[in-house]
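Accompanying notes for the structure given below.
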Amino acid sequence: MRGQILADDATTCLALADPGHTRTVRAAESESSQVYTPFEGFELTVRVTDTFLRGGHILRAGRIAGEPVGAQPHSPTPGA
């Protein structure tokens with residue numbers, strides 16, 4: 001990955017990950033309001049620990065930090 005110099009007004013997103021963590025994806029265990037994920041049952045070999053969005057620290061040590069921002073787009077429910 002190549003680094004870039006960001007402008008003062010740049011919109012920046014960054015995720016930090018722990019490559020030594022294995023887990024199975026389960027929608028029911030998600031902190032999201034989703035009821036479905038196409039990745040249900042997939043085994044992941046990395047865990048996102050921290051996420052920064054537009055300068056805000058929105059995921060801290062694997063936990064949602066702060067209040068939700070934005071709106072959730074509509075996604076169809078399987079079988080509907």
Side-chain angles (χ1 to χ4, degrees):
M1 186 168 137
R2 294 165 56 191
Q4 295 180 337
I5 296 173
L6 298 174
D8 288 339
D9 62 347
T11 299
T12 310
C13 302
L14 174 71
L16 304 178
D18 174 1
H21 184 87
T22 301
R23 74 177 192 96
T24 302
V25 176
R26 301 277 180 234
E29 297 170 2
S30 174
E31 292 192 49
S32 171
S33 61
Q34 69 189 19
V35 294
Y36 165 79
T37 174
F39 304 105
E40 184 76 27
F42 278 46
E43 186 173 291
L44 303 179
T45 58
V46 66
R47 176 178 179 248
V48 175
T49 60
D50 292 79
T51 302
F52 298 85
L53 175 65
R54 294 184 217 97
H57 197 170
I58 62 170
L59 183 73
R60 182 177 286 128
R63 297 269 188 217
I64 303 269
E67 294 299 314
V69 178
Q72 180 169 338
H74 170 75
S75 59
T77 303

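- There is a path of hydrophobic side-chain contacts, each under 4.5 Å, that joins L44 to F39.
- To the nearest 0.5 Å, atoms CG (L14) and OG1 (T51) are separated by 8.0 Å.
- Legend: residues meeting side-chain hydrogen bond (donor to acceptor under 3.5 Å, both in side chains) with H57, ordered by chain and number and at least two apart, are D50, R60.
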Return all side-chain donor-acceptor pairs below 3.5 angstrom for residues 15-28, not counting sequence neighbours, or 'none' if the list is empty.
{"residue": "D18", "atom": "OD1", "partner": "G20", "partner atom": "N", "Å": "2.8"}

